[in-house]
Amino acid sequence: MRLRFTRSARDQFLAAVNFIKSDDPSAAEKFLNRATSSLRELERFPGAGRSIPEFPELPHRELIVHPYRFFYRAVGKTVWVVGVWHGRKLPEQPH
């Protein structure tokens, strides 16, 4: 499988990294490394995340890399990350 980000998810991920970086550059680097490592695992195990508790009827799943939630969906041979939200923010229904 191949991991890809939608444009909006990529922008959300970069905004999260930049937000953390503005406060603590080393924490941003650690978060980026943890997120990259965890997301790469989805290429091998796309079912590793859990159903989104707020939307259990959707085919999307989530992977938590504290303090952010990565929302994704496997389509064919691609795992699409469709949203990245801070854990305190309530998610909108993924598209």
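Only this structure's heavy atoms are used, side chains among them; waters, hydrogens and symmetry mates stay out.
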Distance-only donor-acceptor pairs under 3.5 Å for side chains of residues 15-23, two or more places apart:
from: N18; atom 1: ND2; to: L14; atom 2: O; distance (Å): 3.2
from: S22; atom 1: OG; to: F19; atom 2: O; distance (Å): 2.7

What pairs with D11 under side-chain hydrogen bond (donor to acceptor under 3.5 Å, both in side chains), at least two apart in sequence or on another chain?
none
All side chain to side chain contact (heavy atoms under 4.5 Å, CB included) counterparts of P53, not counting sequence neighbours
R50, E62, R69
For M1 against P46, the heavy-atom pair lying closest together
SD-CG, 3.4 Å
Can you tell me how far the CZ atom of R73 sits from the OG1 atom of T6, to the nearest 0.5 Å?
13.0 Å
State the CZ-CZ distance between R40 and F45, to the nearest 0.5 angstrom.
15.5 Å
If you take all heavy atoms of S51 and R61, which pair is closest and at what distance?
OG-NH1, 3.7 Å
Can you list the residues that meet the ring-ring contact (aromatic ring centres under 6.0 Å, His included) rule with Y68, with sequence neighbours excluded?
F31, H86
Should V75 and I52 be regarded as members of a common hydrophobic cluster, given that ILVMFWY residues are connected when their side-chain heavy atoms come within less than 4.5 Å of each other, either directly or indirectly?
yes
For the atom pair OG1 (T36) and CD (E41), what is the distance rounded to the nearest 0.5 Å?
12.0 Å
For residues V82 and A9, report the shortest heavy-atom separation together with the two atoms involved.
C-CB, 3.5 Å
Residues two or more places apart in sequence or in another chain: which of them pass ring-ring contact (aromatic ring centres under 6.0 Å, His included) with F13?
F5, F70
Mind checking what makes salt bridge (charged side-chain N to carboxylate O under 4.0 Å, His left out) contact with E43, not counting sequence neighbours?
none
Y72 (side chain) donor-acceptor with L3 (main chain) under 3.5 angstrom
no
CD of E54 to CZ of F71, rounded to nearest 0.5 Å, is 6.5 Å
If you take all heavy atoms of L42 and V79, which pair is closest and at what distance?
O-CG2, 3.7 Å
Hydrophobic clustering (ILVMFWY, side-chain heavy atoms < 4.5 Å, transitive) - are L58 and W85 grouped together?
yes
